[in-house]
Number of protein chains: 2
Amino acid sequence: MILTIDLSSQIPIYQQIRDRVVEAVATGELAQGSPLPSTRQLAADLGINFHTVNKAYDLLRQEGLLVLNRKTGAVVQRDARTGPPPAGFTEEWSARLRTLLAEAVAQGLDGPGVLAACRTALTTFAGDVDATEQGEPA
Amino acid sequence: MILTIDLSSQIPIYQQIRDRVVEAVATGELAQGSPLPSTRQLAADLGINFHTVNKAYDLLRQEGLLVLNRKTGAVVQRDARTGPPPAGFTEEWSARLRTLLAEAVAQGLDGPGVLAACRTALTTFAGDVDATEQGEPA
DNA sequence: TCTTTGTTCTATAAGTAATAGAGCAGCACA
DNA sequence: TGTGCTGCTCTATTACTTATAGAACAAAGA
């Protein structure tokens, strides 16, 4: 797991770390049981304070993606996530999705273009997107 | 335009105002030329400080969605947005989309489910989503 | 003239982000 | 037993953000 962050970005460092880990879990690059570097190790690698990494890991634990303990270190927990998402997640997430898509439409992207962007992003993660739920396979 | 905000939310008030306006522009509820209440008026209606509204309007102006002047007040500018989005927007937006979709996949939503959520959100805005670009119309 | 508008300035209080240092308990390995 | 690494916690500081507030100005309208 190679993790790169942008120190000059507006997005907080701990948020960037969280986002990269979430994306790596989604792609499968970080599967269940995958070890992450220790907070101090990752902090040293990125040239930042270990408290910042701590905050990111703590966030990921709250989201149920990471298990932390002294024995095993930081380990990805994606088995439970193969089940349904936690209560309230889908509602809160849908609201954020709505805002993000609205932004693109308001800026002039057309509906099919936005959906194509979603599809493109999704294929990086899920692989097969056009399944039997709603889709019309090619 | 009825604008509601949640004072107990983690999301900053000025951001909520911006998000609601962006969504209203996307749905067409706020078309080109639609007037928005003055900063002081909206602040009074929402029970907040007018500087907070000012910040939201300023953000919307920077994004090219609003035109502000003493003559006309705050007016929606969506004609320019019927054209292509500003340079760099699509890249930055796609990165945020990727992170948001990854979040859902990591939490256990499957690919078709996520795409269906995108489609649902989009139909509120664009209406016809399955056009001739990438799509397979029903 | 009076009011309303956008705009700008300073200021304050509370919270967040990132830094830093110190320390403790659990575990592994030699 | 000792050393080292781990997660975890505590305090502290600096800088920035959020939201508040008050004041003032010029342009426009009634």
Side-chain angles (χ1 to χ4, degrees), chain A residues 1 3-22 30 32-77 92 96 99, chain B residues 1 3-22 30 33-77 96 99:
Chain A
M1 165 101 208
L3 214 156
T4 52
I5 56 169
D6 179 10
L7 292 174
S8 65
S9 167
Q10 297 294 91
I11 301 164
I13 301 173
Y14 78 94
Q15 185 80 46
Q16 292 185 48
I17 297 174
R18 188 217 81 125
D19 289 350
R20 293 303 85 74
V21 172
V22 167
L30 283 179
Q32 179 205 340
S34 299
L36 259 67
S38 74
T39 54
R40 289 175 230 243
Q41 183 60 54
L42 182 55
D45 290 353
L46 297 175
I48 59 174
N49 195 278
F50 85 94
H51 288 102
T52 307
V53 179
N54 216 337
K55 190 168 185 177
Y57 279 15
D58 208 56
L59 241 176
L60 288 161
R61 172 169 55 180
Q62 284 173 36
E63 297 176 28
L65 294 180
L66 223 57
V67 167
L68 301 166
N69 61 57
R70 273 178 262 265
K71 273 192 183 181
T72 55
V75 173
V76 174
Q77 172 134 72
E92 187 264 354
R96 285 194 286 145
T99 304
Chain B
M1 164 98 208
L3 214 155
T4 52
I5 57 168
D6 179 10
L7 291 174
S8 66
S9 167
Q10 296 294 92
I11 301 164
I13 300 172
Y14 78 95
Q15 184 80 45
Q16 291 185 50
I17 297 173
R18 187 217 81 124
D19 289 351
R20 294 301 87 73
V21 171
V22 167
L30 284 180
S34 300
L36 259 67
S38 74
T39 55
R40 289 174 232 243
Q41 183 61 54
L42 183 54
D45 291 353
L46 296 176
I48 58 173
N49 196 277
F50 85 95
H51 288 102
T52 307
V53 179
N54 215 337
K55 190 167 185 177
Y57 279 16
D58 207 57
L59 240 176
L60 287 160
R61 173 169 54 181
Q62 284 174 34
E63 297 176 27
L65 295 180
L66 223 57
V67 167
L68 301 167
N69 61 57
R70 272 179 264 265
K71 277 192 182 182
T72 55
V75 173
V76 173
Q77 170 133 67
R96 284 193 288 145
T99 303

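All chains are named by letter (A, B, ...) in the order of the sequence lines, taking the proteins before the strands, and each is independently numbered beginning at 1. As the structure is a computational prediction, the values presented were derived from the model and not from experiment.
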Would you mind telling me which residue lines up with the more 5' stretch of DNA chain C, A/G47 or A/K71, judged by nearest nucleotide?
A/G47
For A/Y57 versus A/A74, what's the shortest heavy-atom pair and its separation?
CE2-CB, 3.7 Å
What nucleic acid atoms does A/T72 come within less than 4.0 Å of, heavy atoms only: base, sugar-phosphate, or nothing?
nothing
Just how far, in rounded Å, is C1' of C/dT7 from NZ of B/K55?
16 Å
Describe the nucleic acid contact of B/N69 in one word from base, sugar-phosphate, nothing, applying a heavy-atom distance below 4.0 Å.
sugar-phosphate
Spacing between B/Y57 atom OH and C/dT5 atom P, to the nearest angstrom:
11 Å
I would like to know whether A/K55 and A/D58 meet salt bridge (charged side-chain N to carboxylate O under 4.0 Å, His left out); could you show each step before the answer?
CA-CA 5 Å; A/K55 190 168 185 177; A/D58 208 56; over 6 Å; no
B/H51 NE2 to C/dT7 C1', in whole Å, measures 9 Å
Between C/dT5 atom C1' and B/R70 atom CZ, what is the distance in whole Å?
7 Å
For a 4.0 angstrom threshold against heavy atoms of chain A, report the outermost contacting nucleotides of DNA chain D in 5' to 3' order.
D/dT6 to D/dC10
Any chance you could measure A/L65, atom CG, to A/Q77, atom CD, to the nearest 0.5 Å?
9.0 Å
Expressed in angstrom and rounded to an integer, what is the separation of B/D58 atom CG from C/dG6 atom C1'?
11 Å
Please state how far atom CG in A/N54 lies from atom C1' in C/dG21, giving the value in whole angstrom units.
14 Å
Closest approach of B/T52 and B/Y14, non-hydrogen atoms and distance?
O-CB, 3.6 Å
NA contact type, B/T52, heavy-atom cut-off 4.0 Å: base, sugar-phosphate, or nothing?
base
Taken to the nearest whole Å, CD/A/Q10 to C1'/C/dA18 is 15 Å
Determine: side-chain N/O of B/S38 to OP1/OP2 of C/dT4, distance under 4.0 Å, yes or no.
no
Are B/R61 and C/dT7 close enough that a side-chain N or O sits under 4.0 Å from OP1 or OP2?
yes
Any donor-acceptor N or O pair under 3.5 Å, side chains B/T72, B/N69
yes
Looking only at heavy atoms, which two atoms of B/L59 and B/R18 are closest? And how far apart?
CD1-CD, 4.1 Å
What's the separation between atom CZ in A/R96 and atom CG in B/D19, rounded to the nearest 0.5 Å?
11.5 Å
Regarding A/Y14, tell me which of base, sugar-phosphate or nothing describes its non-hydrogen contacts under 4.0 Å with the strands shown.
sugar-phosphate
Would you kindly give the CZ-to-P distance between A/R40 and C/dT19, to the nearest whole Å?
16 Å
Between A/Q15 and A/F50, which has a closest nucleotide on DNA chain C that is more 5'?
A/Q15
